[in-house]
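Working notes, structure below.
Only heavy atoms go into these numbers, but all of them, side chains included; no hydrogens, no water, no symmetry mates.
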Amino acid sequence: MQRLGRLTSDMVDGERVACFSLPVLRSGPVLPLKRDGDGPVPVAVAEDGPWPWELLDDCRRVFGADIEPVLAAREAILMALNQAFDMASASAEQMLEDLGMDELTREIEEVGDLLESEDDAPVIRLVNTLISQALKERASDIHIEPFESQVLVRFRIDGVLHTIVHPPKGVQAALTSRIKVMAGLDIAEKRHPQDGRFRVRIAGREVDVRVSLLPTAYGERVVMRLLDRSARMLTLPELGMSESQLYLMQDVIRSPHGIVLVTGPTGSGKSTTLYAALMEVDRVNRNVMTIEDPIEYQIEGVAQMQVQPKIGVSFAAGLRSILRQDPDIVMIGEIRDLETAEIAIQASLTGHLVFATLHTNDALSAIVRLQDMGIEPYLVASSLTMVQAQRLVRRLCPHCRSARPATKEDWQLLEAEAEEFAGVKEIHVATGCEQCMGTGYIGRVAIYEMTRISDAMRNAIHEGKGLPAMRRLARQERMVTLRRDGARHVAAGVTSIDEVLRVSLEDMVVLEA
């Protein structure tokens, strides 16, 4: 019997897949594939059994042709099924066209209160379609923004907002109410901000949705953050670090105590880096605990605690309780205040290895931020092991990127020596095509700025040296800046110079100050 080495989306017969519902095909699982000529229809079945005889008979009867079972990995079949049904779902724009905006608005206005209505299918379908389309297009956030005469729906894809659809103004109230109902919020409260969350399952994928509502002049603005629970966590080698950066991170992880700070703005991949670091530690012989807001991914062998401000479980309160659980390694989702910072410092000084995030523009600014919070310089110098800043830059679309000659000025912009990249004769720029929605980019990769706290740096911190002096010292110790790290991705054709400059401009201005 034939076995498929690799199962790709272009091998799937979409018309025959549509003859069955997703739950039926997943129960096998079975996956109809394209056939050559008039031969039997190949149907992929799981190689680890059991054999779905009844479902195969149903396929033979529905297709009106003989079938030929072929073996494939169960996970590959399930993933291909999810993708097939995901691709078949209509976009929000197409749905509005099919329903007719006047019809949708009329139905919603006649419904009134969604909780009392039994005929609220249009709004439910619209919300479900928006979430499904956002997942299909790899969006991290859905923005529903009300204005005077229109409503705007935008997706944040690869860190950039894209306008998706303009629902009619009459949909606004019902759309917001539906999301409130899903998130368990008060639909009658429209004057105060509200936060909630809910979980949905789409094409076999579990997705956590964090909801934030903010009253504005023209109605409530809604932002939904999507967290795909079925997404695989990346390991440290998969994060895109250079060889020296990976070695430094792995060395720091083996430290018995100290604080490792990962800095950057919201959405720069800090949590992904910390999760990857926790995957590397010895979770069998060491007690690993985290306090997060929210818990984005479950890690086997790690005790994870959720911040709950409504009942008094803040980062500081939760961290204090965690330290009574005899931990070896502690991960703090974010250091937001002096109390949390003080407890983290004390934990590191009493033999714990602490990972934490902080919002600063670059790596060394984290040191100044801790001092501004009120931490004494000698405590910062004694506890810090490494500070790291990171950003996410968009990957060039492999289908449409174009090349141009590399110049010496290109490398100067990226703080790199032209001689180091003398062998790179061309770099690539974004063009835009259907595959990348005309942006020229698909996906993202991280760039890093890492500083191991050396003895000289500890002395500078202890003596209260300012940020410019610490930056000069870090450059003497050959610290690679964000822009300089981006140069290697530009040289490899992964991203463009414009993209690196976009995310590292503030750092460059500060460095020159």
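- The number of heavy-atom neighbours closer than 6.0 Å to CD of Glu409, taken from other residues, nucleotides and ligands shown, is above 12.
- Distance alone, capped at 3.5 Å, is enough to place a donor-acceptor pair between the Arg483 side chain and the Leu413 backbone.
- A salt bridge (Lys or Arg N to Asp or Glu O under 4.0 Å) with Asp362 is found for one member of Arg369, Arg471, Arg391 and no other, namely Arg471.
- To the nearest 0.5 Å, atom OG1 of residue Thr263 and atom CG of residue Asn361 are 8.5 Å apart.
- Two residues are said to be in side-chain contact when any heavy atoms from C-beta on lie closer than 4.5 Å; Thr360 and Leu261 fail this criterion.
- Judged purely by distance below 3.5 Å, without hydrogens or angles, the side chains of Arg336 and His359 never pair a donor atom with an acceptor atom.
- Here the side chain of Asp410 pairs a donor or acceptor atom with the backbone of Thr407 at under 3.5 angstrom.
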Yes or no on side-chain contact (heavy atoms from CB on, under 4.5 Å) for Gln390 and Val262, after CA distance, side-chain angles and deciding distance? CA-CA 8 Å; Gln390 65 181 71; Val262 179; 3.5 Å; yes
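- Looking only at distances, no side-chain donor or acceptor of Lys270 sits under 3.5 Å from a matching main-chain atom of Ala356.
- In this structure, Ser132 contributes its side chain and Asn128 its backbone to no donor-acceptor pair below 3.5 Å.
- Among residues at least two apart or in separate chains, salt bridge (Lys or Arg N to Asp or Glu O under 4.0 Å) pairs with a member in residues 485-494 are Asp485-Arg488.
- One finds a salt bridge joining Arg484 and Glu420 here, because a Lys/Arg side-chain nitrogen approaches an Asp/Glu carboxylate oxygen to under 4.0 Å.
- When every heavy atom of Met241 is checked against every heavy atom of Gln245, the shortest pair comes out as CA-OE1, 3.6 Å.
- Between atom CD of residue Glu334 and atom CG of residue Leu358 there is a gap of 7.5 Å, rounded to the nearest 0.5 Å.
- Applying the side chain to side chain contact (heavy atoms under 4.5 Å, CB included) test between Met386 and each of Leu248, Ile453, Ile253 identifies Leu248 as the sole match.
- In this structure, the side chains of Met470 and Pro468 stay at 4.5 Å or more apart for every pair of heavy atoms.
- Minimum heavy-atom separation, Asn287 to Gln325: ND2-O, 3.0 Å.
- What you find for Leu364 and Ala474 is that their closest heavy atoms are CD1-CB, 3.7 Å.
- With contacts defined as side-chain heavy-atom distances shorter than 4.5 Å, the pair Met450/Val252 does not qualify.
- When the shell of 6.0 Å around CZ of Arg404 is examined, it contains more than 12 heavy atoms from other residues, nucleotides or ligands.
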Dump the intermediate steps for side-chain contact (heavy atoms from CB on, under 4.5 Å) on Thr266 and Arg225, then the final yes or no. CA-CA 12 Å; Thr266 301; Arg225 167 65 59 89; 4.2 Å; yes
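- Residues His257 and Leu353 have side chains not in contact (no heavy-atom distance under 4.5 Å, counting atoms from C-beta outward).
- Ion pairing between a basic and an acidic side chain is recognised when a charged N comes within 4.0 Å of a carboxylate O; Glu499 and Arg394 show such pairing.
- Taking all atoms of both residues into account, the shortest heavy-atom contact from Leu482 to Ala389 is CD2-O, 3.9 Å.
- The shortest side-chain heavy-atom distance between Thr290 and Val302 falls under the 4.5 Å cut-off.
- In this structure a side-chain-to-backbone donor-acceptor pair under 3.5 Å is present from Thr431 to Cys400.
- In this structure, the side chains of Phe315 and Ile291 come closer than 4.5 Å at one or more pairs of heavy atoms.
- Residues Glu145 and Arg154 are paired through a salt bridge, judged by an N-O separation under 4.0 Å between the basic side chain and the carboxylate.
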Where do Val209 and Met182 land on the side-chain contact (heavy atoms from CB on, under 4.5 Å) test, with the steps shown first? CA-CA 10 Å; Val209 184; Met182 296 176 73; over 6 Å; no
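- Contact of the Ile142 side chain with the Ile131 side chain is registered, since non-hydrogen atoms from C-beta on lie closer than 4.5 Å.
- Remark: side-chain polar atoms of His462 are not paired, donor with acceptor, to backbone N or O of Ala381 under 3.5 angstrom.
- The two residues Leu236 and Thr273 have their closest heavy-atom pair at CD2-O, 4.5 Å.
- Separating the CG atom in Leu161 from the CG atom in Leu152 is a distance of 9.5 Å, to the nearest 0.5 Å.
- Between Glu339 and Arg320 there is a salt bridge, since a side-chain N of the basic residue sits under 4.0 Å from a carboxylate O of the acidic one.
- With rounding to the nearest 0.5 angstrom, the CZ atom of Arg395 is 11.5 Å from the CZ atom of Arg444.
- In terms of heavy-atom proximity, Ser382 sits nearest to Leu349 at CB-CD2, 3.9 Å.
- Atom-to-atom distance recorded for Asp195:CG and Leu185:CG is 8.0 Å, nearest 0.5 angstrom.
- A donor atom on one side chain and an acceptor atom on the other are found under 3.5 Å apart for Glu415 and Thr481.
- Side chains of Trp411 and Ile427 form a contact here, defined as non-hydrogen atoms less than 4.5 Å apart.
- Residue Leu370 holds its CG atom at 9.5 Å from CD1 of Ile461, rounded to the nearest 0.5 Å.
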Does the side-chain contact (heavy atoms from CB on, under 4.5 Å) test come out yes or no for Val160 and Tyr441, once each step is laid out? CA-CA 11 Å; Val160 178; Tyr441 299 94; over 6 Å; no
